[in-house]
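No experiment lies behind these values; they were computed from the predicted model shown.
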Amino acid sequence: MEWKKIVGFVLFGLAVVTFILTFSFPFILAGTKKVVFLTASVYVLNKVFFYSSLYILGQQFITKIGKYLPKWIEKKLLKILRVQPAVETTK
């Protein structure tokens with residue numbers, strides 16, 4: 001497995017954990033003064049982890065299957081993700 005794919009899956013795992021914590025913190029920290037602050041900070045961490053993993057794994061997905069998509073979709077996705085198009089080598 002490539003190191004980018006491993007990093008992407010680790011970030012996605014952290015996103016899942018922070019997603020669960022986002023919903024459980026209001027119940028766990030009920031009655032404390034910092035419940036809103038901690039819940040909001042875990043929510044922001046969740047978004048950072050999720051979109052980072054989506055970006056990393058999305059780049060790999062698009063470079064591998066981009067050649068099967070219509071050209072106009074492939075160009076837009078490659079431009080958004082800032083990825084070089086996949087080049088086939090023929091012998």
Side-chain angles (χ1 to χ4, degrees):
M1 226 193 249
E2 296 176 17
W3 67 273
K4 282 187 177 181
K5 189 179 278 188
I6 293 171
V7 169
F9 283 122
V10 167
L11 286 172
F12 189 72
L14 289 172
V16 169
V17 169
T18 56
F19 179 76
I20 294 168
L21 285 176
T22 301
F23 288 111
S24 62
F25 264 4
F27 300 110
I28 294 171
L29 301 173
T32 62
K33 293 182 180 180
K34 295 186 179 186
V35 66
V36 174
F37 174 72
L38 289 174
T39 305
S41 61
V42 170
Y43 178 77
V44 170
L45 278 175
N46 179 14
K47 294 304 169 194
V48 169
F49 291 147
F50 178 71
Y51 288 118
S52 298
S53 68
L54 187 66
Y55 179 75
I56 291 172
L57 295 174
Q59 279 184 337
Q60 294 177 2
F61 180 74
I62 294 302
T63 55
K64 288 191 169 83
I65 66 148
K67 60 185 173 188
Y68 301 112
L69 296 173
K71 286 292 181 189
W72 64 274
I73 294 174
E74 180 185 5
K75 285 181 184 180
K76 286 187 185 232
L77 287 173
L78 292 176
K79 186 176 180 181
I80 290 170
L81 293 173
R82 297 183 188 115
V83 179
Q84 297 297 322
V87 178
E88 287 186 32
T89 56
T90 56
K91 292 184 179 183

Residue pair [X] / [Y]: nearest heavy atoms and the distance that separates them:
| X | Y | answer |
| --- | --- | --- |
| A15 | T18 | O-OG1, 3.0 Å |
| T39 | T22 | CG2-O, 3.7 Å |
| G8 | S53 | O-CB, 3.3 Å |

Between the NZ atom in K5 and the CZ atom in F12, the distance rounded to the nearest 0.5 Å is 14.5 Å
Answer yes if [X] and [Y] sit in the same cluster of Ile, Leu, Val, Met, Phe, Trp and Tyr residues linked by side chain heavy atoms under 4.5 Å apart, and no otherwise.
| X | Y | answer |
| --- | --- | --- |
| Y43 | V17 | no |
| V10 | I56 | yes |
| L14 | F19 | no |

Any residue meeting ring pair (Phe, Tyr, Trp, His ring centres under 6.0 Å) with F50, in chain and number order, not counting sequence neighbours:
none
Could you list the residues that satisfy ring pair (Phe, Tyr, Trp, His ring centres under 6.0 Å) with Y51, not counting sequence neighbours?
none
Quick one: side chains of residues 28-37, donor-acceptor pairs under 3.5 Å with protein atoms, not counting sequence neighbours, listed by atom name and distance.
from	atom 1	to	atom 2	distance (Å)
T32	OG1	L29	O	2.7

Between F9 and L57, is there a side-chain heavy-atom distance shorter than 4.5 Å?
yes
S52 side chain to F49 backbone, donor-acceptor under 3.5 Å
no
Does K47 have more than 12 heavy atoms from other residues, nucleotides or ligands lying within 6.0 Å of its NZ?
yes
